[in-house]
Amino acid sequence: MTEKTSEAFYGPDFNALLAQDPDIAAVLLSELKRQQQSLQLIASENFTSPAVLATMGSTLSNKYAEGYPGKRYYGGCEEVDKVEVIGIERAKSLFGAEHANLQPHSGASANVAVYQAFTKPGDSVLAMSLPHGGHLTHGSKVNFSGKWFNIVSYGVRKEDELIDYDELRDTAIANKPKMICVGATAYPSLIDFETVRKICDEVGAIMWVDAAHFIGLVAGKAIPSPVPYADVVSFTTHKVLRGPRGGMILSKAEHAAAIDKAVFPGMQGGPIMSAVAGKAVALKECATLEYQSYAKNVIINAKALAADLEKEGMRAVSGGTQTHLALIDIRATGVNGKIADERCGASGIVLNKNAIPYDPETPAVTSGIRVGTAATTTQGMGTAEMAEIASLIARAIKDGGDANKAAAIRGEVNALTAKFPIYSR
Ligand code: DSN
């Protein structure tokens with residue numbers, strides 16, 4: 001990808017930016033090249049479409065629109081109202097949801113709204129522990145959730161690294177939480193929503209699914225949906241879902257008013273209407289057969305990558321994956337997660353170190369890596385490329401940080417990514 005074609009991707013406005021602020025323009029170009037020329041295996045990242053990117057750089061960014069369609073606090077909202085109404089209807093239709101709120105600025109913001117809608121500070125909430133794959137907003141001590149709520153945690157079984165629903169039920173009965181959260185950032189298996197619903201009913205808890213990681217697979221009908229079971233489902237829109245950076249909440253109709261009030265005025269002021277438009281565009285894309293095929297291929301690729309990494313002597317946690325991500329225990333290589341992350345990065349392979357369940361290392365070091373296939377599948381890569389990627393990862397980790405070997409791997413990564421161009425015109 002030459003500089004000329006990179007500029008061509010950004011369009012004529014890029015020349016204005018280049019003239020006015022060459023420092024920032026240069027970063028836009030070099031970040032585009034970084035995304036094009038290295039392997040993006042961070043499980044929460046993807047390549048959104050040029051159509052979504054167009055909304056993000058639009059004049060909708062200029063408009064303040066506190067409130068909801070038809071009930072705004074400022075004038076001039078008639079155009080942005082249309083965008084939000086279309087987006088809400090698309091979300092309800094795609095997921096079969098009774099209510100949708102597209103305004104949360106991020107997944108964490110969406111989660112703040114969920115806490116606010118259903119709990120008061122000091123209430124007990126049962127959620128997956130961070131070291132076992134949960135999220136900061138599921139009760140980490142350094143997050144508002146851990147500071148303001150009585151978080152009770154559940155984890156995965158040591159034997160098979162799967163959620164222990166009996167333990168979850170026992171903990172729920174013992175602690176009577178106001179809300180139970182399922183959903184994680186590093187759990188490769190499917191969640192049994194029906195069982196969680198039964199536990200919630202038994203103890204009178206709100207069922208909250210943080211679906212940020214897998215909602216795109218649900219949208220593509222590749223895995224079962226939590227929507228029929230959950231009171232509320234929160235998620236980000238930029239992971240497998242492939243939309244703009246942002247958050248969204250689906251809920252039962254009975255919770256609609258509480259959710260909307262918690263988002264605005266409870267937690268946010270004006271929504272980012274350019275992002276709301278991007279969410280609407282992404283939801284339309286997700287309703288296509290093409291996207292459904294993409295979602296299935298994401299899982300096929302993740303399973304292949306996990307199996308190929310096992311052939312390279314690394315262990316897939318939970319016995320493999322049923323989703324878009326694999327958590328890999330790399331202790332057999334003699335290299336920890338931090339060093340593996342650094343060595344892969346130096347070789348043009350972007351992934352993240354990740355704690356594995358019952359990890360003997362600290363969270364800053366870890367014994368694992370997390371890999372996801374959302375971005376590479378968007379590029380059009382398939383199982384043959386997953387085998388190549390597994391071999392490149394293994395070499396990067398095992399080659400001892402040798403700069404020449406890292407440069408050679410980077411060359412191979414460049415050659416591979418060049419066959420699957422993104423954002424090229
Ligand atoms: N940072 C996200 C992830 O990588 O999973 C979670 O918010």
Side-chain angles (χ1 to χ4, degrees), residues 35 38-48 104-115 127-146 151 153 155-156 163 181-191 208-219 223 226 233-249 267 275 279 298-299 302 305-306 317-318 321-328 337-338 340-342 344-345 349-357 359 363-364 366 368-378:
Q35 291 186 20
S38 53
L39 276 168
Q40 313 307 322
L41 297 177
I42 291 184
S44 46
E45 293 183 355
N46 208 336
F47 301 119
T48 197
H105 298 334
S106 69
S109 301
N111 291 354
V112 175
V114 170
Y115 279 96
M128 194 166 198
S129 77
L130 188 60
H132 283 211
H135 185 250
L136 277 176
T137 54
H138 300 172
S140 163
K141 287 283 167 226
V142 295
N143 182 260
F144 80 92
S145 53
I151 302 285
S153 295
V156 296
I163 293 173
C181 172
V182 288
T185 62
Y187 186 66
S189 294
L190 299 180
I191 295 169
W208 165 28
V209 178
D210 183 341
H213 262 273
F214 57 80
I215 195 72
L217 301 175
V218 174
I223 63 168
V233 180
S234 63
F235 51 92
T236 46
T237 47
H238 48 266
K239 295 187 171 85
V240 183
L241 194 75
R242 216 161 56 181
R245 188 153 291 274
M248 203 183 294
I249 302 174
M267 191 256 316
K279 290 168 195 174
V298 166
I299 299 176
L305 184 56
V317 166
S318 308
T321 180
Q322 295 171 284
T323 63
H324 62 298
L325 70 85
L327 185 58
I328 309 293
K338 180 174 185 290
D341 182 335
E342 288 164 4
C344 286
I349 304 165
V350 186
L351 44 71
N352 63 281
K353 66 174 182 285
N354 212 105
I356 59 171
D359 202 320
T366 80
I369 55 171
R370 187 186 66 161
V371 289
T373 52
T376 49
T377 307
T378 294

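Computed from a prediction, not measured in an experiment: that's the story for all the values here. One-based numbering, in listed order, for ligands and for the atoms of each.
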Q: Please confirm whether the backbone N or O of P188 pairs with a side-chain atom of T323, one donor and one acceptor, at under 3.5 Å?
A: yes
Q: Output the distance between atom CG (N111) and atom OG1 (T236), rounded to the nearest 0.5 Å.
A: 9.0 Å
Q. Does a donor on one side chain sit under 3.5 Å from an acceptor on the other, for T378 and N46?
A. yes
Q: Take D210 and H135 through the test side-chain hydrogen bond (donor to acceptor under 3.5 Å, both in side chains) and record every step on the way to the result.
A: CA-CA 9 Å; D210 183 341; H135 185 250; 4.8 Å; no
(Q) Checking S44 against H238 for the side-chain contact (heavy atoms from CB on, under 4.5 Å) test, could you report, in this order, the C-alpha distance in whole Å, the side-chain angles of both residues, the deciding distance, and whether it holds? (A) CA-CA 8 Å; S44 46; H238 48 266; 5.8 Å; no
List ligand 1's nitrogen or oxygen atoms that come under 3.5 Å of a protein nitrogen or oxygen, with the partner atom and distance.
residue: ligand 1; atom: 4 (O); partner: S44; partner atom: OG; Å: 2.6
residue: ligand 1; atom: 4 (O); partner: R370; partner atom: NH2; Å: 2.7
residue: ligand 1; atom: 5 (O); partner: H213; partner atom: NE2; Å: 2.6
residue: ligand 1; atom: 5 (O); partner: R370; partner atom: NH1; Å: 2.9
residue: ligand 1; atom: 7 (O); partner: H135; partner atom: NE2; Å: 3.0

Q: Could you tell me if the ring centre of F144 sits under 6.0 Å from that of Y115?
A: yes
